[in-house]
J.: 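Supplied in structure tokens, the structure appears directly below.
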Amino acid sequence: MTTRKTRTTKQNEEISIAFAFAEYDAHKRRVRDQREKRDRDLATSVGIEIGTLREADRRKARENKIWDRGFIVGVLVAVACILIGLYSASLAEGATRPAPTKIPNTAAQAYPPHWRTWLRIGMCEQPKRGISWHDVKTDKQRIRSIAWGQNYNYSFPGGLGFTRQNWDDFKPPSAKRIVLMSDATIAQQLWAAERLWRWAERTYPGNGHTAWECSFTIGWTSGDPADALR
């Protein structure tokens, strides 16, 4: 018959302490695992949020870059259009307006009474370059040969030797918004000459023709504009 050994109180205490330590170690592992899982979940969540924010920032930066690039391109296009417009305007200013090849009755009726005299004045004052007023004989040739639209002669733009002040003073009502004589029609320029001569003739009777130095060159030496046609 074997003798059954019984545990002493001390042994029971040691066993209890061992279980307690084991339970404590297991609790620490659970707590550590939970913390690590929470940290991983938090890192994943924060990473996704940061990635979303970064993607939003990148998208916004791309949009801003596209807008800036479009704005710069728009400004460059606008500047180019302005420069082209200015260049075209400068070319147009330097060009002379083509004159009609014939004189319709309606156009002749729109001209002032002494328009043939003013054509001779124009041929003497502002002939087109390379043309002598002695070389033309008809009214149609004179109209084609006068530089109506010239403004290379800065002080006397237009076709009849008017100063800029003369044009401001004597341009017809239909041309009140036209700054330069060179921008006016042939009829408007002819009427300005008629108005200047009438004023000069009233102010200095018999000497209205002296408003133009060319009057003597074309043989106009009296108070009658028809004198230039003889």
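Keep in mind that the numbers below use all heavy atoms, side chains included, and drop hydrogens, waters and symmetry copies.
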J.: State which residues pass ring pair (Phe, Tyr, Trp, His ring centres under 6.0 Å) with F156; sequence neighbours excluded, sorted by chain then number.
T.: none

J.: Please tell me if the side chains of T117 and D227 come closer than 4.5 Å, counting only heavy atoms from C-beta onward.
T.: no

J.: Counting the benzene-type ring for Trp, do W118 and W212 have ring centres under 6.0 Å apart?
T.: yes

J.: Give me the atom names and distance for the closest heavy-atom approach of L180 to P157.
T.: CD2-CG, 4.2 Å

J.: List the atom of Y152, the atom of A147, and the distance in Å for their closest heavy-atom pair.
T.: OH-CB, 3.9 Å

J.: Residues in ring pair (Phe, Tyr, Trp, His ring centres under 6.0 Å) with F216, at least two apart?
T.: H209

J.: Of all the heavy-atom pairs spanning A200 and G208, show the shortest one and how long it is.
T.: CB-CA, 3.7 Å

J.: Rounded to the nearest 0.5 Å, how far apart are CD of E125 and OG1 of T217?
T.: 8.5 Å

J.: Q165: what forms a side chain to side chain contact (heavy atoms under 4.5 Å, CB included) with it, not counting sequence neighbours?
T.: T163, D168, D169

J.: With sequence neighbours excluded, what pairs up with R129 under the salt bridge (charged side-chain N to carboxylate O under 4.0 Å, His left out) test?
T.: none

J.: How far does CE of M181 sit from CG of N166, to the nearest 0.5 angstrom?
T.: 9.0 Å

J.: Hey, is R142 close enough to D139 for a salt bridge, meaning N to O under 4.0 Å?
T.: yes

J.: Over all heavy atoms of both residues, which pair between R120 and R116 is shortest? Give the atoms and the distance, please.
T.: NH1-O, 3.1 Å

J.: Check whether any side-chain N or O of W220 sits under 3.5 Å from a backbone N or O of S222 as a donor-acceptor pair, and report yes or no.
T.: yes

J.: Nearest 0.5 Å please: distance from the OH atom of Y111 over to the CD atom of Q189.
T.: 10.5 Å

J.: For Q188, what residues pass the side-chain hydrogen bond (donor to acceptor under 3.5 Å, both in side chains) criterion, not counting sequence neighbours?
T.: S174, T185

J.: Can you check side chain to side chain contact (heavy atoms under 4.5 Å, CB included) on S145 and M123, steps first, answer last?
T.: CA-CA 7 Å; S145 301; M123 277 303 306; 3.4 Å; yes

J.: Not counting sequence neighbours, list each pair that qualifies as a disulfide (SG to SG under 2.5 Å) and has a residue in residues 177-226.
T.: C124-C214

J.: Within this structure, what is the CD1-CG distance for the pair I143 and L119, rounded to the nearest 0.5 Å?
T.: 5.0 Å

J.: Could you report the tightest heavy-atom contact between R195 and P173, atom names first, then the distance?
T.: NH1-CD, 3.9 Å

J.: List in chain and number order the residues that pass side-chain hydrogen bond (donor to acceptor under 3.5 Å, both in side chains) with R164, two or more places apart in sequence or in another chain; answer none if no residue qualifies.
T.: none

J.: Only pairs at least two apart or in different chains count here, so list each side-chain hydrogen bond (donor to acceptor under 3.5 Å, both in side chains) that has a residue in residues 198-208.
T.: E194-R198

J.: Could you name each residue pair satisfying disulfide (SG to SG under 2.5 Å) that touches residues 153-212, not counting sequence neighbours?
T.: none

J.: List for me each residue that meets ring pair (Phe, Tyr, Trp, His ring centres under 6.0 Å) alongside W167, sequence neighbours excluded, and say none if there are none.
T.: none

J.: So do the side chains of L160 and Q126 get within less than 4.5 Å of each other, counting heavy atoms only?
T.: no

J.: What residues, two or more places apart in sequence or in another chain, satisfy side-chain hydrogen bond (donor to acceptor under 3.5 Å, both in side chains) together with T210?
T.: none

J.: Compare every heavy atom of P113 with every heavy atom of W191, then report the nearest pair and how far apart it is.
T.: CH2-CD, 4.0 Å

J.: For residues 148-163, which residue pairs qualify under salt bridge (charged side-chain N to carboxylate O under 4.0 Å, His left out), counting only residues two or more places apart or in two chains?
T.: none

